[in-house]
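Both ligands and their constituent atoms are indexed starting at 1 by order of listing. Along the sequence shown, residues carry numbers from 1.
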Amino acid sequence: MRTISAVLAAFAAVSAAVAQQAQIKERPLPRLVKKDGRFALFVDDAPYLMLGAQAHNSSGWPAMLPKVWPAIEHLRANTLEIPIYWEQFEPKPGQFDYSVIDTIISQAREHRVRLDLLWFGTWKNGSQHYMPEWMKADPARYFHLIDKNGRPADSPSPFCTAAQELDVRAFTAFMRHLKAFDPQRTVIIVQVENEPGTWGPVRDYSPAAQRLFEAPVPADVLKAMGKQGGAPVSWQEAFGVEAEVNFHAWAVATYVGKVAAAGKAVYPLPLYANAALRDPIKPGAPGSYESGGPTDNVIPIWKVAAPALDIVAPDIYLNEPAQYLKVLELYHRDDNALFIPETSGGAAVSRFFFSALGLQAIGFAPFGLDYSGAPAVPAGAATAPPAGGPAGASAPQDQFAPTVQNYALIAPMMRDIARLNFEGKFQAVAEEAGKPAQTLQFGQWIATVSYGASRGGRGAGNPVPTGRALIAHIGENKFLVAGYSSRVDFRPAAADQRRQFMRVDEGMYEDGVFKFIRILNGDETDYGLNFRSEPVALRVSLGVY
Ligand code: DGJ
C-alpha cells in the first residue's frame with residue numbers, strides 16, 4: 001500500500017510537471033476548419049494531414065511503449081493513435097492517475113509525433129469492459145442494457161445516468177489535464193469512447209427505455225432524418241423497421257454527446273466518435289451490425305444529438321474495393337470531414353488512402369501497427385518481422401509494408417498536400433479492377449491516370465490493382481504529380497490543341513521542401529509520366545501547340 005508521503009511525492013511531481021508546462025509558450029489550438037465546402041484539420045495554424053497508425057488495444061502502457069515508437073518511426077507516421085483507459089485513469093472513485101497519459105505525451109514529444117488519444121470510457125466495441133473495476137463490480141448501479149428476453153447484455157445502458165455522470169467527470173478531468181499539461185498541443189484530437197453502441201440487442205428493452213421508445217421522437221431528430229413536422233409520433237410510427245436502431249443511436253449519441261460537451265467545455269480540442277460499420281452497399285437488417293453507433297444510416301441523428309463531436313468517423317475493415325470506396329463517399333459529407341481513424345492496412349486496400357485524400361480526408365490510420373505482437377491480421381498471414389522492427393517482433397511484414405510505402409511518399413510533403421487539398425487544388429485516385437484509366441479535370445487541363453501501361457501502349461490495368469496517383473494544380477499550367485504503379489498524362493480540354501511538356505522536374509521532398517534531382521525527358525516522358533514503386537514527385541510545366 002502506498003504511504004501518504006509517497007502519494008504526496010507523486011502529487012508534487014505531477015504538479016511540478018504541470019507548472020513546468022505552464023512556462024512553455026502555448027501553441028495555437030488544433031481545430032477543424034471548413035471553408036468553401038472543404039475541411040482541414042489545422043495544427044500549428046496550418047492544414048495538417050494525419051498520417052496515423054493506431055496501436056493495439058493493450059499497448060497504451062509505459063512498459064509497452066518501446067514496442068510502439070520504433071514502429072511509428074519505421075512507418076514515418078506523424079500521429080500515433082493510442083488508448084487511454086478509464087480503468088487505469090480512475091483506479092478509485094474520483095482519484096485520477098495522470099501518470100500514464102503524461103508518459104505517453106512526453107515520449108511522443110521526444111519522438112516528434114502528435115497524438116490522437118482514444119478515450120476508452122463507457123463503451124469499447126459496444127461493451128463496458130474498460131469501466132473501472134469498482135464500477136464493473138456494481139452492475140446494479142452501473143447497469144447494462146436489457147435484451148429482448150429481459151436479460152442484461154454485455155453492453156452498458158445509455159440510460160444509466162450514474163455511469164454517465166462518472167464518465168463526464170472522468171473525461172472532464174482528462175481534458176482539463178491535457179489543457180494544463182500540453183501547451184505544445186502534442187495531442188491534436190481526441191476520440192470519445194470507442195465504437196459505441198451494442199452488438200446483439202438492437203436497443204435497451206428495460207421498462208424505462210421502453211417508455212421512452214413509446215414517447216414522441218424529439219423534433220430535431222425527426223427533422224434531421226427528413227421527416228415532416230406535424231403531430232408528435234413515436235419511434236415506431238416515425239421509422240418503422242429502422243425505429244429501434246434509430247432510437248438506440250439517439251440514446252447512445254445523447255450520452256456520448258454529453259461526455260464530449262463536458263470535455264470540450266474545459267478544453268476545446270477537435271473530438272470525434274468512431275463507427276463499426278454496416279455493409280455500405282447491401283446493409284443487413286438492424287441487428288446484423290453494431291446498433292447505436294454512428295453507422296451511415298444514423299449520421300444525422302448523431303449530428304443533432306452530439307453536436308460537441310466535430311466528426312463521426314468510419315473504422316474500415318472491408319477488403320472489397322466497392323465497399324471501401326462507398327464508405328469513403330458516405331462519410332465525406334457537407335456536415336462531416338472525412339477521417340479514417342481505423343482501417344486494415346493490408347495490400348488489398350492500402351491504395352485507397354489516395355482515394356480518401358481525393359475526398360479531402362484529414363487523416364488515415366491503419367490499426368494495430370506496433371511491435372507488441374498482438375494479432376492484427378487473420379491467421380495464416382506472413383509473420384516475418386517488419387523491416388526496422390526489433391528482434392523477435394511478430395507483426396506481419398505485409399501489415400506494415402503498404403503503409404510504409406504510402407507514408408514514404410506523403411510524409412515529407414504532408415503540409416503541401418494538406419494545404420493544396422484545403423484550397424481545392426488537389427485530386428487523388430486509386431486503381432479499381434477493370435478500370436484501367438481515370439480522368440480528372442483541372443480547369444483547361446484534363447489529366448488521365450492509367451494503370452499497367454507498357455511503353456507506348458494503352459494501360460490494361462496492373463495484374464494486381466495497386467496503382468494510385470495524386471495531382472495538384474500549383475500554378476498556371478503547373479502541376480505537382482506523384483504516385484505509385486501508374487502513369488499520368490495531360491491533355492488540353494480544347495480539342496484543337498495538343499499538350500507538350502515544357503519541363504518535368506523530378507525530385508524528392510525533404511522536410512516539406514521539393515529537392516530537385518533532374519529534368520526528365522525523352523523515354524522518361526514520351527509516353528506520359530510514369531510512377532513505379534519509388535517515392536518520387538514531379539513538378540510539371542505544360543504548354544500547348
Ligand atoms: C475495432 C476497434 O475499434 C479496435 O479497438 C480494435 O478492437 C479493432 N476493431 C480490431 O481488433
Quiz item: For ligand 1, is there an atom lying under 4.0 Å from some heavy atom of His56?
Solution: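 No, His56 has no heavy atom closer than 4.0 Å to ligand 1.
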Quiz item: Within the side chain of Thr172, is there an N or O that forms a donor-acceptor pair under 3.5 Å with the backbone of Val168?
Solution: yes
Quiz prompt | Side-chain (Ser106) to main-chain (Asp102) donor-acceptor, under 3.5 angstrom | solution =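 Present.
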Exercise. Tell me, yes or no, whether the heavy-atom count around Lys148 atom NZ, taken from other residues, nucleotides or ligands under 6.0 Å, exceeds 12.
Key: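 Result for NZ/Lys148: open.
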Quiz prompt | Backbone or side-chain N or O of Gln54 under 3.5 Å from ligand 1 N or O | solution = no
Exercise. Ignoring hydrogens, just give me the one of Lys124, Glu342, Glu81 whose non-hydrogen atom is nearest atom 9 (N) of ligand 1.
Key: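 Residue with the shortest heavy-atom distance to the ligand atom: Glu342.
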Quiz item: Taking the inter-plane angle between the rings of Trp235 and Trp250 on a 0 to 90° scale, is it parallel (under 30°), tilted (30 to 60°) or perpendicular (over 60°)?
Solution: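 Trp235 and Trp250: tilted rings.
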Quiz item: Would you say Tyr85 and Trp61 make side-chain contact, with heavy atoms under 4.5 Å?
Solution: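 Contact flag for Tyr85/Trp61 side chains = yes.
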Show which atoms of ligand 1 fall inside a sub-4.0 Å distance from at least one heavy-atom site of [X].
X: Glu195; value: 1 (C), 2 (C), 3 (O)
X: Asn194; value: 2 (C), 3 (O), 5 (O)
X: Asp315; value: 3 (O)

